[in-house]
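To keep things clear, I will list the structure first and then write my remarks on it.
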Amino acid sequence: MDRVAIPALVINAFSISEKATVNPIGSGHIHQTFLVEDGQKFVLQRINKNVFTKPEVIARNNRLAADYLANHHPHYLFLTALRDKQGHELVYAEDGFPWRVYPLIENTLTVDFVTSAEQAFEAAKGFGLLTRNLHGIDNSKFEPTLDRFHDLHWRYEQFEMELAHASPLVINQAQEEIKLAKQFQPLVEEYNELIRSGALTPRITHNDTKINNILFDKLTEKAACVIDLDTLMPGYFIYDLGDLVRTCVSPVSEEEQDVSRVMFRKEIYDALLEGYLSQMKDNMSDGELASAPFAGKMMTYIMALRFLADFLRGNTYYTIHYPEQNLVRARNQLQLLRLLDQHT
Ligand code: GN1
Ligand code: MG
């Protein structure tokens, strides 16, 4: 998708000066994100309203969390959107797309690849701490920003539906991946059984714990702050631990085209579990602890299905830079899933 121009209305609402420099940043697949340098530094983001059809729900959930954290954990650094001149966090442009601004947290950085067990431990500790600190909040006040987001059963059905409607050409291109995706279908049964058993406690989870959604302190290399809070909503711990495993355990990302470079790094996997549990194990049941090995498989499978479904549907959801990118991502994730299935 081409970069959009920033509407005058948005520039005006957030009092961005004419002298400010604006550059695209980030590697997200959904929104458009810019760094604004205007004396101070800000992150300006256009929310993709085709994906998040209820942006006010994001803002409301984030506000609930921010208020709770300010009361119960006043030293915890939680990112909140800035308000415009009129006190709004979301500013709607003429085309209906909402924009928001975040302060840039100085002296921090993001990483796209985990390079050490310490880094993996820190990232997992950071996401574990978020859910830990939100323990005790009234979950029922939160609304899902995306319905059934990590419902593996539903994601499998979506994949089947796209397959039923896809053109013979794309089905042919994705033959191998479709076959593999179907082979892992028993994971859906396992997921259904786990949910049905009631072993997992509903919690407020981040739901997008990929490695580049955490800021590390440049000096100490400790986790400083989690970012991308669009899907902060009720969920299960397996979603957060699982996406950490999915994005940290291999030395290459989901974008890697050469699947022989996808690998399972045991020391990273162990560090993730250790880091996450260092924050969470006190309030986890035995049933939850026992389901930890399922987390990485479940989330890797979900992403394989989602990328593959998007490819079959003609690439309408994720940003792509070349036509087969979603197929490549699906292939990559299926390879990772094979490895996780062998090793965990
Ligand atoms: C999307 O936009 P981004 O990169 O934060 C997606 C996540 C996927 C991720 C895969 C709302 O996140 O679920 O794990 O891509 N977010 C949404 O890279 O669909
Ligand atoms: Mg996200």
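First listed ligand is number 1; within each ligand, the first listed atom is number 1.
Looking at ligand 1, you'll find an N or O of Glu254 within less than 3.5 Å of one of its N or O atoms. Taking any N or O of His29, backbone or side chain, at least one lies under 3.5 Å from an N or O belonging to ligand 1.
Taking the charged nitrogens against the carboxylate oxygens, Lys49 and Asp95 have no contact shorter than 4.0 Å, which rules out a salt bridge. Using a cut-off of 4.0 Å between Lys/Arg side-chain N and Asp/Glu carboxylate O, Asp243 and Arg246 are scored as salt-bridged. For the pair Glu89 and Arg100, the salt-bridge criterion is not met [side-chain N within less than 4.0 Å of a carboxylate O]. Between Arg203 and Glu288 there is a salt bridge, since at least one side-chain N of the basic residue sits less than 4.0 Å from a carboxylate O of the acidic one.
Applying the 6.0 Å contact sphere to CZ of Arg63 captures more than 12 heavy atoms from other residues, nucleotides or ligands. By the 6.0 Å contact criterion, CD on Gln40 is open, its count of non-hydrogen atoms from other residues, nucleotides or ligands being 12 or less.
Regarding atom 17 (C) of ligand 1, its nearest protein heavy-atom neighbour is Tyr317 OH, 3.4 Å. Closest protein heavy atom to atom 1 (C) of ligand 1: Ile30 CG1, 3.9 Å.
The residue from Arg306, Lys210, Arg329, Met303 that puts a heavy atom closest to atom 13 (O) of ligand 1 is Arg306. With distances taken over non-hydrogen atoms, the option nearest atom 7 (C) of ligand 1 out of Asp208, Thr145, Asn213, Ile302 is Asp208.
The atom of Asp208 nearest to the Mg ion (ligand 2) is OD2, with the search restricted to N, O or S atoms. The N, O or S atom of Asp228 with the smallest distance to the Mg ion (ligand 2) is OD2.
For Leu146, the heavy-atom gap to ligand 1 drops under 4.0 angstrom.
For Arg246, every heavy-atom contact with ligand 1 shorter than 4.0 Å involves the side chain, none the backbone. The side chain of Asp228, and not its backbone, has at least one atom closer than 4.0 Å to an atom of ligand 1 (non-hydrogen atoms only; side chain from C-beta on).
Close approach of ligand 1 to Phe52 is summarised as follows: ligand atoms under 4.0 Å from at least one heavy atom of the residue are 11 (C). For ligand 1 and Gly28, the ligand atoms under 4.0 Å from any heavy atom of the residue are 2 (O), 4 (O).
Arg306 and Tyr318 form a side-chain donor-acceptor contact under 3.5 Å, judged by distance and modelled atom types alone.
Taking the six-membered ring where tryptophan is involved, the planes of His343 and Phe264 are essentially parallel, since the angle between them stays under 30° and well short of 60°.
A ring pair (Phe, Tyr, Trp, His ring centres under 6.0 Å) with His150 holds for exactly one of Tyr239, Tyr236, Tyr191; it is Tyr239.
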